[in-house]
Amino acid sequence: MTIPTPRTSIVFTAYLIITVVTILANAGIAVADLARAEFVLANSAEVGVPQNWHIWLASLKAAGAAGLLLGLLGVRPVGIAAAAGLVVFFVGAVITHVRARVLYNIAFPGGYLALAVASLALTVAY
């Protein structure tokens, strides 16, 4: 057992907060995808994502959230894999927005990407 130092306590606190926020954000948007929320359908249409993809996209987001939760509960490799998967997913979402030239709301996939990158970095660091 290691004795916590101020540095490890700060890293753990950041890891915990950022990862919980990432879990909640991804679970929330997965639910919105499954519920076919109007804003999701409008955004998908704008960037050229077919409506029949929503269940698959929601499943990937929910799997990422679940994997991050497992990582928090001690299954670290699953947490790392989930965070990495979410990074790849949201890089794809940002690319999709750029290719469609829908930049006015790119902050949304960019924000999810930032959370995923932070979760990955903190999971590896902790």
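A quick note: this is a predicted structure, and the numbers were derived from the prediction, not measured. The first residue of the sequence shown is numbered 1, and numbering continues consecutively from there.
- Between R76 and A125, the closest heavy-atom pair is NH2-N, 4.5 Å.
- Between G79 and T123 the shortest heavy-atom distance is C-CG2, 4.2 Å.
- For the side chain to side chain contact (heavy atoms under 4.5 Å, CB included) with I18, the qualifying choice from V21, T22, L16 is T22, the only one to do so.
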Would you check, one step at a time, whether the test side chain to side chain contact (heavy atoms under 4.5 Å, CB included) holds for L115 with N26? CA-CA 10 Å; L115 284 171; N26 280 282; 5.8 Å; no
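- Looking at every heavy atom in both residues, L41 comes nearest to R36 through CD1-O, 3.5 Å.
- By the rule that hydrophobic residues join a cluster once side-chain heavy atoms approach within less than 4.5 Å of another member, L70 and L122 end up as members of separate clusters.
- In this structure, the separation between CG on L60 and CD1 on I55 is 11.0 Å, given to the nearest 0.5 Å.
- At a threshold of 4.5 Å between side-chain heavy atoms, the hydrophobic network of Ile, Leu, Val, Met, Phe, Trp and Tyr places L72 and L68 in one connected group.
- Neither V31 nor V40 shares a network with the other; the hydrophobic side chains, linked directly or stepwise wherever heavy atoms of I, L, V, M, F, W or Y lie under 4.5 Å apart, form separate groups for each.
- I95 contributes atom CD1, which lies 10.0 Å from atom CD1 of I106 (distance to the nearest 0.5 angstrom).
- Separating the OG1 atom in T19 from the CD1 atom in I23 is a distance of 6.5 Å, to the nearest 0.5 Å.
- The hydrophobic cluster containing Y112 does not contain L34, counting ILVMFWY residues as joined when their side-chain heavy atoms lie under 4.5 angstrom apart, directly or transitively.
- Shortest non-hydrogen contact noted between A84 and L120 is N-CD1, 4.0 Å.
- Using bins of under 30°, 30° to 60° and over 60° for the plane-to-plane angle, the ring pair Y126/F12 lands in the tilted bin.
- Side-chain N or O atoms of H97 include one that pairs as donor or acceptor with a backbone N or O of V102 at under 3.5 Å.
- Both L69 and I80 belong to a common hydrophobic cluster when Ile, Leu, Val, Met, Phe, Trp and Tyr are linked at side-chain heavy-atom distances under 4.5 angstrom.
- Nearest approach of V98 to L103, heavy atoms of both residues: CA-CD2, 4.0 Å.
- L86 and A65 get closest at one heavy-atom pair: CD1-N, 4.4 Å.
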